[in-house]
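Here the structure comes first, spelled out in structure tokens, and everything after it is commentary.
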Amino acid sequence: MINKPLVLTYLCLLIYVLLSSGVILYNKWVLSPKYFNFPFPITLTMFHMAFSGLFAFFLIRVFKVVAPVKMTFEIYATCVVPISAFFASSLWFGNTAYLYISVAFIQMLKALMPVATFSMGVLCGTDKPRCDVFLNMVLVSVGVVISSYGEIHFNIVGTVYQVTGIFAEALRLVLTQVLLQKKGLTLNPITSLYYIAPCSFVFLFVPWCLLEKPGMAVSLIQFNFWIFFSNALCALALNLSTFLVIGRTGAVTIRVAGVLKDWILIALSTVIFPESTITGLNIIGYAIALCGVVMYNYIKVKDGRASQLPSDSIPERFTKDRDWKLEKKSSAIINPNSNGDSNEGNFNGSEMNDEEAPLVSSRLSHFGRSFSNHTK
């Protein structure tokens, strides 16, 4: 007999992997001078933000499918604005890197994401320095350096753009934890787009005026509505699928899917873009970095499980005549997550480093699971 929930879960994972890979390859194809030749990454990102913001606006304000959250000016100014600024920066720098380096090399550089997140967490006080994690970070960094050394078409400008985008994304994740979660603000996928996309659009408008508007005025640009529309639609679908996957799976499954997606993307990019040559040193370096990433993920999942152990493990030495007392007391104790989450570890979506993934709150997995239950 077919296990329908399990099949649906793997289907969601497959959709996430396909959309995540598709958006990255699509962006590269649109921006690359060798293909569609639209070398304006800020413009493309602004189009994505405008499309996502309008989509969220219609769902919340026009069709009233989703209820808006209570957002005060203070929370918006002190939380949403800085988070949107770093979100816009990460997309800007990440998309600009496509103009200079290959998709395969970009994915290899993205192995630095745990290093950036841990470093920003330590600086902001959300993480504590640990010897085991630090050794993993050194392993990841060494692997990325080896991979960079083996890159045939190494470009310092593209590498700096990509690494800067990674650290901007890491700082956004840390700020999300520090600013929003401490204020207890819960945003679902639609409301996060509703508040963050327009603000990110405004932040991108300034560099667009300075860097891309003059070039667009003098160059012959081919604008195909259906290409840009489908590109933005894929980015929006990736946003929604990310939260759907978080709601249906645990941390281990998501991290394994992420690693699998990276390898598939590297292989696909060499087929779709023949100039993306991979050397043996690239593979060796990336494999070393990946070992560090896997070990880091293992530590995070193990720490998450350990934090749940006291409430999950109940001594069996209680006799039946005391079971009613245990049940009464456990009703106030056994609650792994006050929001009803049952994900393994303390996964909050920060490991899913996708091109258009918006604000992620630790409470969103509950929304994702509720949403996925409605789709059964």
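Positions are given from 1, in the same order as the sequence printed here. Just so you know, these numbers use all the heavy atoms, side chains as well, and skip hydrogens, waters and symmetry mates.
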Are there more than 12 heavy atoms of other residues, nucleotides or ligands under 6.0 Å from atom CZ of Phe58? no

Rounded to the nearest 0.5 Å, what separates atom CG in Leu233 from atom CH2 in Trp226? 10.5 Å

Short side-chain to backbone donor-acceptor contact, Ser269 and Ile266, under 3.5 Å: yes

Treating Ile, Leu, Val, Met, Phe, Trp and Tyr as nodes and any side-chain heavy-atom pair under 4.5 angstrom as an edge, say whether Val62 and Ile60 lie in one connected cluster. yes

For the residue pair Ile227 and Phe38, establish whether any side-chain heavy-atom pair is separated by less than 4.5 Å. no

Checking Lys302 against Asn297 for the side-chain contact (heavy atoms from CB on, under 4.5 Å) test, could you report, in this order, the C-alpha distance in whole Å, the side-chain angles of both residues, the deciding distance, and whether it holds? CA-CA 8 Å; Lys302 188 176 69 173; Asn297 289 338; over 6 Å; no

Mind checking whether Ile288 and Tyr149 sit in one hydrophobic cluster, side chains of I, L, V, M, F, W, Y counted as touching below 4.5 Å? yes

Looking only at non-hydrogen atoms, find the nearest pair between Glu151 and Ser102 and report the distance. OE2-OG, 3.9 Å

How far apart are the closest heavy atoms of Ala97 and Gly158, and which atoms are they? CB-O, 3.7 Å

Not counting sequence neighbours, which residues clear ring pair (Phe, Tyr, Trp, His ring centres under 6.0 Å) with Phe205? List them please. Trp208

Should we count OH of Tyr26 as having more than 12 external heavy atoms under 6.0 Å? yes

Path from Leu31 to Val160 over hydrophobic side-chain contacts below 4.5 Å: yes

Heavy-atom donor-acceptor pair, Thr117 side chain to Pro114 backbone, under 3.5 Å: no

For Ser141 and Met137, indicate whether the former's side chain and the latter's backbone hold a donor-acceptor pair under 3.5 Å. yes

Distance (rounded to the nearest 0.5 Å) between Leu240 CG and Leu193 CG: 7.0 Å

Does a side-chain heavy-atom distance below 4.5 Å link His48 with Leu91? no

Over all heavy atoms of both residues, which pair between Ser84 and Ser200 is shortest? Give the atoms and the distance, please. O-OG, 3.3 Å

Could you see if Leu290 belongs to whatever hydrophobic cluster contains Met295? Use Ile, Leu, Val, Met, Phe, Trp, Tyr and a side-chain cutoff under 4.5 Å. no

For Cys209 and Pro214, work out which heavy atoms get closest and say how close. O-CD, 3.4 Å

Regarding Thr159 and Tyr100, is there a side-chain donor-to-acceptor distance under 3.5 Å anywhere? no

As an exercise, state the distance from CG of Asp262 to OH of Tyr286, rounded to the nearest 0.5 Å. 3.5 Å

So, does Thr126 use its side chain to make a donor-acceptor pair with the main chain of Gly121 at under 3.5 Å? yes

Counting N and O atoms only, with roles assigned by atom type, does the side chain of Ser20 sit under 3.5 Å from a partner on the main chain of Val17, one being a donor and the other an acceptor? no

Is it true that a side-chain atom of Asn136 and a backbone atom of Val133 form a donor plus acceptor pair closer than 3.5 Å? no

Taking salt bridge (charged side-chain N to carboxylate O under 4.0 Å, His left out) as the test, write out the residues that go with Arg130, two or more places apart. Asp132, Asp303

Under 4.5 Å between any side-chain heavy atoms of Ile283 and Thr279, yes or no? no

Compare all side-chain heavy atoms of Met108 with those of Asn282 and state whether any distance is below 4.5 angstrom. yes

Look only at the side chain of Glu212 and the backbone of Ile42, and say whether a donor-acceptor pair between them is shorter than 3.5 Å. yes

Donor-acceptor contact present, side-chain Asn155 to main-chain Ile101, <3.5 Å: no

Looking at Ser32 and Trp29, would you say the former's side chain and the latter's main chain have a donor-acceptor pair under 3.5 Å? no

Phe93 and Glu169: side-chain contact (heavy atoms from CB on, under 4.5 Å), yes or no, with the steps? CA-CA 10 Å; Phe93 295 134; Glu169 173 67 6; over 6 Å; no

dist Thr191:OG1 -> Leu59:CG (nearest 0.5 Å) comes out at 11.0 Å

Nearest atoms (heavy-atom pairs only) where Ser241 meets Ile15: CB-CG2, 4.5 Å

I'd like to know whether CZ of Phe86 has more than 12 heavy-atom contacts from other residues, nucleotides or ligands below 6.0 angstrom. no

Nearest-0.5 Å distance that lies between atom CG in Leu19 and atom CG in Asn239: 10.0 Å

Can you name the residues that form a side-chain contact (heavy atoms from CB on, under 4.5 Å) with Ile272, not counting sequence neighbours? Leu25

Over all atoms of both residues, closest heavy-atom pair of Ala116 and Ile166: CB-CG2, 3.8 Å

Would you say the ring centroid of Phe51 lies under 6.0 angstrom from that of Phe228? no

Sidechain-backbone polar pair: Ser21 side chain, Leu18 backbone, donor-acceptor under 3.5 Å: no

Check: Thr270 and Thr277 side chains under 4.5 Å, non-hydrogen atoms: no

With clusters defined by side-chain heavy atoms of hydrophobic residues (ILVMFWY) lying less than 4.5 Å apart, directly or transitively, does Val142 cluster with Val140? no

Could you go through Leu281 and Ser147, starting from their C-alpha distance and side-chain angles, then the distance that decides it, and tell me whether this counts as side-chain contact (heavy atoms from CB on, under 4.5 Å)? CA-CA 6 Å; Leu281 209 54; Ser147 181; over 6 Å; no

Residues Leu171, Cys124; criterion side-chain contact (heavy atoms from CB on, under 4.5 Å); working and verdict: CA-CA 9 Å; Leu171 192 52; Cys124 296; 4.1 Å; yes

List in chain and number order the residues that pass side-chain contact (heavy atoms from CB on, under 4.5 Å) with Tyr76, two or more places apart in sequence or in another chain; answer none if no residue qualifies. Met71, Val80, Val81, Tyr195, Cys199

Residues two or more places apart in sequence or in another chain: which of them pass side-chain contact (heavy atoms from CB on, under 4.5 Å) with Ser148? Phe105, Leu109, Val144, Phe154

Validation row: Trp92, Thr45 side chains within 4.5 angstrom (heavy atoms): no

Just so I know, are the side chains of Phe273 and Lys34 near enough to count as touching, which here means a heavy-atom distance under 4.5 Å? no

Could you check whether any side-chain heavy atom of Ile24 comes within less than 4.5 Å of a side-chain heavy atom of Tyr98, counting everything from C-beta outward? yes

Among residues at least two apart in sequence or on other chains, which ones pass ring pair (Phe, Tyr, Trp, His ring centres under 6.0 Å) with Phe225? Phe229

Atom pair CZ (Phe40) and NZ (Lys213), whose distance is rounded to the nearest 0.5 Å: 13.5 Å

